[in-house]
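Working notes for the structure below.
All values below come from the heavy atoms of this structure, side chains included, with hydrogens, waters and symmetry mates left out. Below, chains carry the letters A, B, ... as their sequence lines are ordered, and counting in each starts from 1. Since the structure is predicted, the reported quantities are computational estimates derived from the model, not experimental observations.
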2 protein chains.
Amino acid sequence: MTERQLTGLATDVVVFTISEHRLRVLLVSRSRDPYAGCWSLPGGMVPIDEGLEECASRMLREKTGVHGVYLEQLYSFGEPERDPRGRVVSVSYYALVPPGRLQGVALNGDTLGWWPVDQLPELAFDHDAIVRMAHQRLAAKLEYSTIALQFMGERFTLSELQSVYETILGEPLDKRNFRKRVRNLPCIEDTGERFRAGKHRPARLFRVTRPHRVEIIK
Amino acid sequence: MTERQLTGLATDVVVFTISEHRLRVLLVSRSRDPYAGCWSLPGGMVPIDEGLEECASRMLREKTGVHGVYLEQLYSFGEPERDPRGRVVSVSYYALVPPGRLQGVALNGDTLGWWPVDQLPELAFDHDAIVRMAHQRLAAKLEYSTIALQFMGERFTLSELQSVYETILGEPLDKRNFRKRVRNLPCIEDTGERFRAGKHRPARLFRVTRPHRVEIIK
DNA sequence: TGACATAGTGTAGACGCGACACTAACTTTG
DNA sequence: CAAAGTTAGTGTCGCGTCTACACTATGTCA
C-alpha cells in the first residue's frame, strides 16, 4: 500500500457570532506567506497526541478566550493543491459564540477581526468555501434543530431570538408564526421576569432549560 | 505553533449495497495486525498527491471494480487512540452500489464479505461507529432527498423501490402513501414498458431521469 | 377455469404552516 | 398629564400535506 508521508493535517474553525444584527466570522490576518495580506480562518496543525475536536476547541480558546461553546465538525478539505506550500488536509469545524461571551476580545484589530459573512475580505486557501459551507449548514440547522439558542445569553426576549433567526437566514420572519413555533419548544422557558426595557413596553425574559443541548425537532 | 508530524491520514469507505432484502456493508478481513481476526472497512493511507474523495473512490474501485457510483464524505475520525499502532486520522466516506453493478464481486470470501448492517462481525478500530453513522446518515437522507434512487438499476418497479426504502429504514411503509409520494417526484419517469413479470400481474417499469443527480426535496 | 400472487388505486380526517392587523404597555416630551 | 412614539404581544382561517385504511386488476400456473 502506498504510504508516502503527508505534509500535515490541520484544523480550521469558522467562529460565528452575531453583533449589530450581522452574522460575523472571526478572521486572522496573515503576514509572511504566499497569502500575506489575505485573511484566513483561525487554525493550525494538529499535534500528534491531540484529538481533532480538542484541537479545534483549543484554537478557539487561544483566539477568543472562549470555551464550552457549541462546536461541530463541518467537513474535511483535502484537495492536493489547496495549500501552495505543500499538502495540508484541513478538518474544519464551526463554533457559535453568544455575543455576551465576547467581553475582552477585540472587535477589530490589525490581526484579528469579526467580518460579516456577506462582506468577507479576500481569504487564503479555500477558506471562503469553508465559510460558505458553514453558513449553509448553520442556516439549514435553524429549520430542524434548536441550534439558534446557542447564540442566546442567560436570558433573552423572543424578539431577540427572532432577530437571530432573521440575521442568519437573511430574511424577515412573521412575528406571530415565529412565536407560535418557538413557544412550544420544550427547551425554552418563561422566567416570569418581565423587565429590561427600552423606552417602550417591557418584554418577557426567557431562559434555555438545557443550555448545552441542541435538540432535533420535527 | 506546534508542528509534530502525524503518523498518517487514511480514508475508509462504507460501501453499501442491498441484496436479499438486506442493507449490506463491504468488509475486509484483517491478517497480521493487532486486529487480526477482525474485519474492517476498506481503506488505506492517502498518498501525498491524491485528493480525499479521489482516494476513497480509488479504494472503492480497487475492492469492487465499481466506479461512478454515489460517494459522499461522512465524517473525520481522529481520536489519538483510535488506532493502537499510531496516530491515524481517518476521513470516512460512504458509497452506494446498486446490486446490479456487482457482477464479478465475490459475495462472500475469506477476505472480502458483504455483511448485513444489523449483524456485523467484530470490527477493528472505531469502524462500527463509522458504519452506524453512515447508516444513520443514509436513513436520514431518504426522508429529504432522492438518494434511494442510487440503489436502483436502469429500470425498476415501484415495489422494488419501496423495498429499498423499507430495507434501509427497517420498517414497512404504506404502499399507497409511498406511491403517492414517489410518483410526483420530478426525477422519476414511467417508461411505458410493463413487463418483467413473475407469475403474477406485470408491473410498470420506471426510470430515473438524471441518474447521477441526488435532489433535495421538501 | 379457478387459485394464487403481486400490481395498482382513492378518500376522509388530522395536522401543520403561512398569511394577515390590531391592541397592550411602557417611555418620553411638550 | 396627555399625546405621541416604540416595541410587545396575540388568534384565526384556509390550504396543502400526511396518515390510515381495503379492495379490484391482471397476469401465471395447475
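- Remark: Ser159(B) is in phosphate contact with dA7(C), judged by side-chain N or O atoms under 4.0 Å from OP1 or OP2.
- How far OG1 of Thr167(B) is from NE2 of His21(B): 6.0 Å, rounded to the nearest 0.5 Å.
- Note that CG of Leu161(A) is 11.5 Å distant from CZ of Phe151(A), once rounded to the nearest 0.5 Å.
- Here Thr157(A) lies out of heavy-atom contact (under 4.0 Å) with every strand.
- At whole-Å resolution of the value, NE2 in His21(A) and C1' in dT7(D) are 13 Å apart.
- The side chain of Asn177(B) lies closest to dT19(D) when the candidates are dC18(D), dT19(D), dT12(D).
- Computed from coordinates, the Asn184(A) CG to dG11(D) P distance equals 13 Å when rounded to whole Å.
- Using a cut-off of 4.0 Å between Lys/Arg side-chain N and Asp/Glu carboxylate O, Arg58(B) and Glu54(B) are scored as not salt-bridged.
- The nucleotide whose nearest atom lies closest to any side-chain atom of His200(A) is, among dA7(C), dG18(C), dT6(D), dT6(D).
- For Pro202(B), the listed nucleotide lying nearest its side chain is dG27(D); candidates were dC20(C), dC17(C), dG27(D).
- Rounded to a whole Å, the CG atom of Leu169(A) is 12 Å from the P atom of dG18(C).
- In the interface, the side chain of Arg181(B) is not paired with the base of dC18(D) through any donor and acceptor atom under 3.5 Å apart.
- With hydrogens and angles ignored, no donor-acceptor pair closer than 3.5 Å exists between the side chain of Arg204(B) and the base of dA7(C).
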**OP:** Starting from the C-alpha separation in whole Å, work towards a yes-or-no answer on side chain to side chain donor-acceptor pair (under 3.5 Å) for Arg207(B) and Thr191(B).
**Re:** CA-CA 6 Å; Arg207(B) 170 206 303 138; Thr191(B) 62; 5.5 Å; no
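- Note on Arg194(A): nothing from the nucleic acid sits closer than 4.0 angstrom, heavy atoms only.
- Remark: C1' of dA8(D) and CZ of Phe206(A) are 11 Å apart, rounded to the nearest angstrom.
- For Lys199(B) against dT26(D), a side-chain-to-base donor-acceptor contact under 3.5 Å is absent.
- Atom CG in Leu161(A) sits roughly 12 Å away from atom P in dG9(D) (whole-Å rounding).
- With dA8(D), dT28(C), dA19(C) as the candidates, the nucleotide lying closest to the side chain of Arg201(A) is dA8(D).
- For Lys175(B) against dG8(C), a side-chain N or O and a base N or O form a donor-acceptor pair under 3.5 Å.
- In this model, a side-chain donor or acceptor of Lys180(B) finds a partner on the base of dT19(D) within 3.5 Å.
- For the pair Arg176(B) and Lys218(B), nearest-nucleotide mapping onto DNA chain D gives the more 5' position to Lys218(B).
- Heavy atoms of other residues, nucleotides or ligands lying less than 6.0 angstrom from CD of Glu122(B) number 12 at most.
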